[in-house]
Amino acid sequence: MAQTTDSDIGSTADWIIDRILRGMIGGLMRLRYETRVALMGAVTKRFIGPIAGYRKRALANLSLIFPDMSDAEKSRIADGVLDNVGRTLIENYSWQEFGQRLARAEISGDGMAAVEEARANGRPVLFITGHFGNHEAPRQVLTNKGYIIGGLYRPMKNAYFNDHYASTMTELSGPVFAQGRRGTAGFAKHLRGGGMGTLLFDVAVPDGVLLDFVGHPAMTATSAADIALRMDALLVPYFGIRQADGVSFDVAVETPIEHTTPEQMMAEATARLEARVRANPEQWFWVHNRWKPQRTRPADTINPGPGS
């Protein structure tokens, strides 16, 4: 008899979870868009999040960052986080209707003039964002305006689910590349010669620079700044902020980050994201182990300080 390994068990569990999610998403896709989005948010908040341990992890992170916050407020934020996660997932599967909805979205911030100038001059533009609101909303809105924006993404641990979720990104705008040597090279090639791309920078990495994020040091990759400096690309933070109705968004395209050093550029990017998180904490993915201990730690924590 063949021996069953932990890898086999994990693969079987991933397959089962994938089948459940596919069935649920398939059923939801038959519903009216607004109903579909609200229901997926509610299911994730009440069932999927707590069962998967996401709610517990979000509460632990909130306790770490805001030790004086009341339990009631932490619970409110954690519930909002899970609701936002569910809504984001089904929105990205509903990319055509999502795009139609976003055709009415307003663009705020002071960055669009610089983006337009870069496009006219053939200069690469690298948009950066975090797991906040719906991170695909800005790309959708700019796609509706004629921009072609490639993406660099981090594959999910569940390979079965990743196979079809990744396809939702390729339908939006421009080519999409999985993180890794080959994917990063493809992403860089897309940017070279005046292309546009986007990536998320707010996940824990085993190496990088230690930056202050919401009052605690977090290991942060410098890859976005490295690429921008190497290619003389405009580095532009943008965010999709969910509105009170739960289905519409304001898209903020912020002033480009000045080219200095990779550490200082990512400190500024982190400060920009932190401002969004503090304004709408329930829209950031507190489920991430963002402040977990790392194998390597630089000697100093970079804090962008006031006024960044």
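What's counted below: heavy atoms across the whole structure, side chains too, no hydrogens, waters or symmetry copies.
- The side-chain heavy atoms of Leu142 and Ile107, taken from C-beta on, include a pair separated by under 4.5 Å.
- Judged by distance alone, the side chain of Asp250 and the main-chain N or O of Ile241 form no donor-acceptor pair under 3.5 Å.
- Residues Val253 and Val236 form a side-chain contact, since some pair of their non-hydrogen atoms from C-beta on lies under 4.5 Å apart.
- Contact detail for Met266 and Ala224: the closest heavy-atom pair is SD-CB, 4.1 Å.
- Counting all heavy atoms, side chain and backbone alike, Ala118 lies closest to Leu234 at CB-CD2, 4.0 Å.
- Applying the side chain to side chain donor-acceptor pair (under 3.5 Å) test between Arg242 and each of Asn280, Asn134, Thr88 identifies Thr88 as the sole match.
- Counted by atom type alone, Glu116 and Tyr147 present one or more donor-acceptor pairs between their side chains at under 3.5 Å.
- Under a 3.5 Å cut-off, the side chain of Trp95 and the backbone N or O of Gln140 do not form any donor-acceptor pair.
- Counting heavy atoms from C-beta outward, Tyr33 and Phe98 have side chains that approach closer than 4.5 Å.
- Taking every heavy atom of both residues into account, Lys74 and Ser63 meet most closely at NZ-OG, 3.0 Å.
- Note on residues 97-110: pairs passing salt bridge (Lys or Arg N to Asp or Glu O under 4.0 Å), not counting sequence neighbours, are Glu34-Arg101, Arg36-Glu97.
- Here Tyr238 pairs with Phe127 under the ring-ring contact (aromatic ring centres under 6.0 Å, His included) rule; sequence neighbours left out.
- Taking hydrophobic clusters as Ile, Leu, Val, Met, Phe, Trp and Tyr residues chained together by side-chain heavy-atom distances below 4.5 Å, Leu199 shares a cluster with Phe132.
- Residues passing the side-chain hydrogen bond (donor to acceptor under 3.5 Å, both in side chains) test with Asp232, sequence neighbours excluded: Arg123.
- The cluster map of Ile, Leu, Val, Met, Phe, Trp and Tyr, joined by side-chain heavy atoms under 4.5 Å apart, puts Ile227 and Leu229 in the same cluster.
- No side-chain donor from either of Arg76 and Ser70 sits under 3.5 Å from a side-chain acceptor of the other.
- Nearest heavy-atom pair across Trp291 and Pro217 is CD1-O, 3.4 Å.
- In terms of the ring-ring contact (aromatic ring centres under 6.0 Å, His included) criterion, residue partners of Phe285 (sequence neighbours excluded) are, by chain and number, His288.
- Residue pairs satisfying the side chain to side chain donor-acceptor pair (under 3.5 Å) criterion with at least one member in residues 40-55, sequence neighbours excluded, are listed as follows: Arg55-Asp79.
- In this structure, Met196 CE and Thr143 OG1 are separated by 10.5 Å, a value rounded to the nearest 0.5 Å.
- Side chains of Val214 and Phe66 form a contact here, defined as non-hydrogen atoms less than 4.5 Å apart.
- Put simply, Ile65 and Leu59 are part of two different groups of oily side chains (I, L, V, M, F, W, Y) that touch within less than 4.5 Å, one to the next.
- Applying the salt bridge (charged side-chain N to carboxylate O under 4.0 Å, His left out) rule to Asp68 yields no partners; only residues at least two apart in sequence or on another chain are considered.
- Checked against the 6.0 Å centroid criterion, the rings of Trp284 and Phe213 qualify as a close aromatic pair.
- Partners of Arg57 under the salt bridge (charged side-chain N to carboxylate O under 4.0 Å, His left out) rule, at least two apart in sequence or in another chain, do not exist in this structure.
- By the salt bridge (charged side-chain N to carboxylate O under 4.0 Å, His left out) test, Glu254 pairs with Arg272, Arg276, sequence neighbours left out.
- Of the possible donor and acceptor atoms, none in the side chain of His131 sits under 3.5 Å from a partner among the backbone N and O of Trp286.
- Heavy-atom minimum distance, Glu91 versus Val37: OE2-CG1, 3.8 Å.
- Under the rule for a salt bridge (charged side-chain N to carboxylate O under 4.0 Å, His left out), the partners of Asp83 that lie at least two apart in sequence or sit in another chain are Arg87.
- The shortest distance between side-chain heavy atoms of Leu235 and Pro256 does not fall below 4.5 Å.
- The structure places CD of Glu268 at 11.5 Å from CG of Leu211, a figure rounded to the nearest 0.5 Å.
- Side-chain contact between Ile128 and Ile257: present, with at least one pair of heavy atoms (C-beta onward) separated by less than 4.5 Å.
- Annotation: side chain of Leu82 is in contact with side chain of Pro50 (closest heavy-atom distance under 4.5 Å).
- Between the side chain of His135 and the backbone N or O of Gly240 there is no donor-acceptor pair closer than 3.5 Å.
- Using a 4.5 Å cut-off on side-chain heavy atoms (C-beta onward), Asp212 and Thr270 make no contact.
- Remark: the Ser248 side chain and the Asp245 side chain contain an N/O donor-acceptor pair separated by less than 3.5 Å.
- Residues meeting the side-chain hydrogen bond (donor to acceptor under 3.5 Å, both in side chains) test with Glu117, sequence neighbours left out: none.
- Distance alone, capped at 3.5 Å, places no donor-acceptor pair between the Thr35 side chain and the Leu31 backbone.
- Residues passing the side-chain hydrogen bond (donor to acceptor under 3.5 Å, both in side chains) test with Asn61: none are found, sequence neighbours excluded.
- Of all heavy-atom pairs between Met24 and Ile48, the closest is CE-CD1, 3.4 Å.
- Applying the side-chain hydrogen bond (donor to acceptor under 3.5 Å, both in side chains) criterion to Asn144, with sequence neighbours excluded, gives no partner residue.
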